[in-house]
Each structure stands twice: as structure tokens, then as C-alpha cells.
Amino acid sequence: MAEEIKAGAVPAHVAIIMDGNGRWAKKKGMPRTFGHKQGCKVVEQTVEDAARLGIRYLTVYAFSTENWKRSEEEVGALMQLFRYYMVRLLQVAVKNNVRVRMIGDRRRFPADIIAGIDRLEQETKDATGMTFVIAVNYGGRDEIRRAAIRYGEDIRAGKAQAGESLTEQDFSAYLDTAGMPDPDLLIRTSGELRLSNFLLWQCAYSEIVITDVLWPDFNKEELLKAIDIYNHRNRRYGGV
Ligand code: IPE
Ligand code: IPE
Ligand code: MG
């Protein structure tokens, strides 16, 4: 499969809704958190695979604004995993010349996690390879809401003009993804046919590939399959 994907034929921006950790663990008779742990390992591997394939941006959905609804135990376990994997991720990022960026509202996290996120971004900001974007406490609607607030603040500060002159491009600059291209390919694992509040603005014309594979079983072969499907799609953007 790798040989079939010729140089330059990889999408510039791949976004992934990493779903199915809980079901994967349940199938094995294990607690849901076991699935999250395995899911983290797969994230690390996917970052390396994507960087080597020449993908410029990889964005993954790690924790949604709705995921706080889960049990205290599960949310707590996820926070512990963030703590542990942020340190590992820094090593993976440095080794692979990857720049890390977090989107979502980090203010809701404990202080040490916010500090860890800031550090990851700071220490990788000059990397020239792939940009790896992690969506944490991220919701598409919340992102658009926060962008609208910032736009309002700029108007009041005299830094932006109110009214019809605001273009879609201008508004994009207020989103967490400012400066990034929109995803070309959106992959969702574990078969669910919905966006679950992920990148609502940015996925307007993304090609969607859904696989039944559960996230902890995702691997390079699955990534290449999704890219191959993408390469056979006809993107029309409303044209003919
Ligand atoms: C995705 O797996 C990871 C997060 C949302 C944090 P899930 O935890 O949603 O796993 P399922 O969908 O219940 O199997
Ligand atoms: C989406 O998965 C969020 C993440 C992958 C982080 P969910 O498991 O939360 O989505 P729903 O509840 O099935 O829509
Ligand atoms: Mg799920």
C-alpha cells in the first residue's frame, strides 16, 4: 500500500476522531481506562507514521467539551494519562521535528496540565516538520463562541471593524486553528457516523472516512487505507 501512495499524494491535513477506546477495553473484559492507555500509545505511533508520510498537519480529538459528563473516575484517569503522555510526547515531537499545538479551552484544566501544555508548545515551536494538533476540552461550538467573544473585544478595542466587512477568512483568524489549513481528510474510528462537535467550521469540505476499527487497533495500515480512499475521492467544493 505504501508504494501506491506516491510522494506528494498525501493530504496536507488529516484530522482524526479517535473513538472506541472504551469498547475496545470492554471486549477484552478490562476497564475503560485500559483502552485509553492503549489509545495513547497508538497516538504516539500515529504521530511518527504521519510525520514520516509527509503529512503537514495531524489533528486529533482527545477530549471534548462534553466528555466532562463521564464518571469522575474516568475523567480523573484521563487527566493522569495527559500528565504522563505530555512528557513522552515532548520526546516523540523533538525526535521527529514535530511542532505541537493544543486547541480547545485549556483554562478548565488543573494548573499543572496547563503548564505542561504551554511547555510542549514552547519547546516545539521552532520545529519545521509536521504540526501535531491536539484538541483538548475542545468543542466546535465552544470554539466559535469564544471566537465571537474575541472578535467583539477587538471591535471594542478599535482593532476590528464591526459589520459586513468581516470575511470568512477574517473570522477564521479568531478560531483556535488560526493560520492552519482546513482538514482535507477526516477519519473517525469505531464506526459512529457523526462529528460529535469536532471542527465544525473547519470540516466544511473535508472528505470523511469512517472505519469500524476501534482506535486502540488503529495503525499505519489503517492510515494508509484511509489516505487511499481519500485519493480516490472527487472533491468538488460545490462546483461541478
Ligand atoms: C474515545 O474513546 C476517547 C475519548 C472520548 C476520551 P471512548 O472513550 O469514547 O470509547 P467508546 O466510544 O466509549 O468505545
Ligand atoms: C468524540 O467521541 C470525542 C473524542 C474522540 C475525544 P465521543 O465518544 O465523546 O462521542 P459520542 O459521545 O459517541 O458522540
Ligand atoms: Mg466514544
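Computed from a predicted model, the values in this text were never measured in an experiment. Whatever order the structure lists them in is the order used to number ligands and atoms, beginning at 1.
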Report summary line: atom 9 (O) of ligand 2 has as its nearest protein heavy atom Asn67 ND2, 2.9 Å

Report summary line: Short version for Arg70: what comes under 4.0 Å of ligand 1, heavy atoms counted, is side chain

**Report entry** Cationic tip of Lys28 above Trp24 ring, under 6.0 Å, 45° of axis
**Finding:** yes

Requested in this report: Determine whether the side chain, the backbone, both or neither of Ser64 has a heavy atom under 4.0 Å from any heavy atom of ligand 1.
Outcome: neither

Query raised in the report: Got a salt bridge between Glu74 and Lys69, using NZ or NE/NH1/NH2 to carboxylate O under 4.0 Å?
Result: no

Query raised in the report: Under 4.0 Å from ligand 1, counting heavy atoms only, is it the side chain of Met18, its backbone, both or neither?
Result: backbone

Requested in this report: Using a 4.0 Å heavy-atom threshold (strictly under), name the region of Arg23 that reaches ligand 2: side chain, backbone, both or neither.
Outcome: neither

**Report entry** Leu214, portion touching ligand 1 at heavy-atom distance under 4.0 Å
**Finding:** neither

Query raised in the report: Counting only heavy atoms, which portion of Arg32 has something under 4.0 Å from ligand 1: side chain, backbone, both, or neither?
Result: side chain

Query raised in the report: Less than 3.5 Å between some nitrogen or oxygen of Ala62 and one of ligand 1, yes or no?
Result: no

Query raised in the report: In the protein, how many N/O/S atoms are under 2.8 Å from the Mg ion (ligand 3)?
Result: 1

Query raised in the report: Taking heavy atoms and a distance under 4.0 Å, where does Phe198 meet ligand 2: side chain, backbone, both or neither?
Result: neither

**Report entry** Salt bridge flag under 4.0 Å for residues Asp184 and Arg235
**Finding:** yes

